[in-house]
Amino acid sequence: MSPTPRPSALQAEYRIPRERMVERLRDYYGIRDPKVLDAVGLVPRHFFVSEALRGRAYGDHALPIDFNQTISQPFIVARMTELLELDKKSRVLEIGAGSGYQTAVLAQLAAQVYAIERIGELAREAHARIRELGIYDATVKAFDGTLGWNAHAPYDGILVAAGGPQVPDPLIAQLKTGGRLVIPIGETRESQKLVRALKTESGYKLEEYGPCQFVPLIGQHGWR
Ligand code: SAH
């Protein structure tokens, strides 16, 4: 096995395509939050895909990862992150860590990220990648994320990177009042709309952010 490259060396690779990606997010997709743009400009996305796909890591599309899952399109990652409105004191729950890319982006912006991935091998690999990048304020565990992660609740933000039939109740319960939950919701497994739930004293308010396509959220409060 070849030795793991140092984080700084990884950041030096693909610098130009990464800068182009950030410009596209800002100028074409209208991502405005400079902290979000800085975060995606820092994380070496190519490190999260297989070697054969590295050259395409900064393109305007999702890419396959192992176990038939996908790493979301850069725009979707940036949009969902922006909608969470995080700051350096935020505690974040992420469901569907996949490759760990979104986890690494969230870790640039928050105090602590708790990430869940239902496929054990993906969770282990994602966790290892995050550590190799020198990120210690994020952790990835394998279980059904539709149940949330009560031990670390309440959260300022919750990001679900897989599409479910409804907003899972345990996730609302684990959100702070004033907290934000971003999730793709759809009546079929194949297509969804991106929604944001804002927790209020008495329940939550839903906002819609247009159509999107995610892999299914599978679990007790997702698809069976
Ligand atoms: N954000 C990821 C991509 C997510 S793909 C990245 O940056 O790479 C969606 C992931 O959600 C898949 O890996 C899938 O296994 C996972 N998933 C689906 N249902 C889940 C559940 N109930 N709990 C945790 N993870 C789940």
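First listed ligand is number 1; within each ligand, the first listed atom is number 1. Heads up: numbering here begins at 1 and tracks the sequence.
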Could you pull out all residues at least two apart from S72 that satisfy side chain to side chain contact (heavy atoms under 4.5 Å, CB included)? I76, V77, F214
Pull out every atom of ligand 1 sitting under 4.0 Å from any heavy atom of I119, numbered as shown with elements. 15 (O)
Sole residue of H46, R45, R24, E19 in side chain to side chain donor-acceptor pair (under 3.5 Å) with Y58: H46
Between A97 and ligand 1, which residue portion shows a heavy-atom distance shorter than 4.0 Å: side chain, backbone, both, or neither? backbone
List ligand 1 atoms under 4.0 Å from G145, heavy atoms only on the residue side. 21 (C), 22 (N), 23 (N), 24 (C)
Which of L159, L171, D156 passes side-chain contact (heavy atoms from CB on, under 4.5 Å) with L93? Answer is L171
Could you walk me through whether Y101 and V49 pass the side-chain contact (heavy atoms from CB on, under 4.5 Å) test, one step at a time? CA-CA 9 Å; Y101 173 68; V49 299; over 6 Å; no
May I ask you to check if ligand 1 and E117 share an N or O to N or O distance below 3.5 Å? yes
shortest atom 4 (C) of ligand 1-to-protein heavy-atom contact is with G96 O, 3.3 Å
Within reach of ligand 1, part of T103 (heavy-atom separation under 4.0 Å): neither
Quick check on contacts: which atoms of ligand 1 are under 4.0 angstrom from a heavy atom of S99? 6 (C), 7 (O), 8 (O)
Is a donor on one side and an acceptor on the other found under 3.5 Å between the side chain of R91 and the backbone of H152? yes
Kindly confirm or rule out an N or O of I218 lying under 3.5 angstrom from an N or O of ligand 1. yes
Which of the numbered atoms in ligand 1 are below 4.0 angstrom from a heavy atom of F143? 23 (N), 24 (C)
Below 4.0 angstrom from a heavy atom of L217, which ligand 1 atoms are there? Numbered from 1 as shown, please. 19 (N), 20 (C), 21 (C), 22 (N)
Pull out every atom of ligand 1 sitting under 4.0 Å from any heavy atom of I71, numbered as shown with elements. 8 (O)
Among the heavy atoms of G222, does any lie under 4.0 Å from an atom of ligand 1? no
Looking at non-hydrogen atoms alone, which of T146, T70, L159 comes nearest to atom 3 (C) of ligand 1? T70
Using a 4.0 Å heavy-atom cut-off, say whether Q69 meets ligand 1 through its side chain, its backbone, both or neither. side chain
Atom 26 (C) of ligand 1 sits nearest the protein heavy atom R118 CG, 3.6 Å
For atom 7 (O) of ligand 1, what is the closest protein heavy atom, and at what distance to 0.1 Å? Q102 N, 3.1 Å
For salt bridge (Lys or Arg N to Asp or Glu O under 4.0 Å), just list the numbers for R79 and E82, CA-CA rounded to whole Å, side-chain angles, deciding distance to a tenth of an Å, and then say yes or no. CA-CA 5 Å; R79 191 78 185 110; E82 189 172 55; 2.7 Å; yes
Within the 4.0 Å heavy-atom shell around V215, which atoms of ligand 1 are there? 5 (S), 9 (C)
Report, in ascending order of atom number, the atoms of ligand 1 lying under 4.0 Å from any heavy atom of P216. 18 (C), 19 (N)
Shortest non-hydrogen separation from I135 to A104 and the atoms involved: CD1-CB, 3.8 Å
When hydrophobic residues are tied together by side-chain contacts of less than 4.5 Å, even through go-betweens, does Y209 share a cluster with I31? yes
Donor + acceptor pair across side chains of Q69, S99 (<3.5 Å): no
For this output row, return yes or no: ring centroids of W149 and Y155 closer than 6.0 angstrom. no
Do you reckon V40 sits in the same ILVMFWY cluster as L84, going by side-chain contacts under 4.5 Å, direct or chained? yes
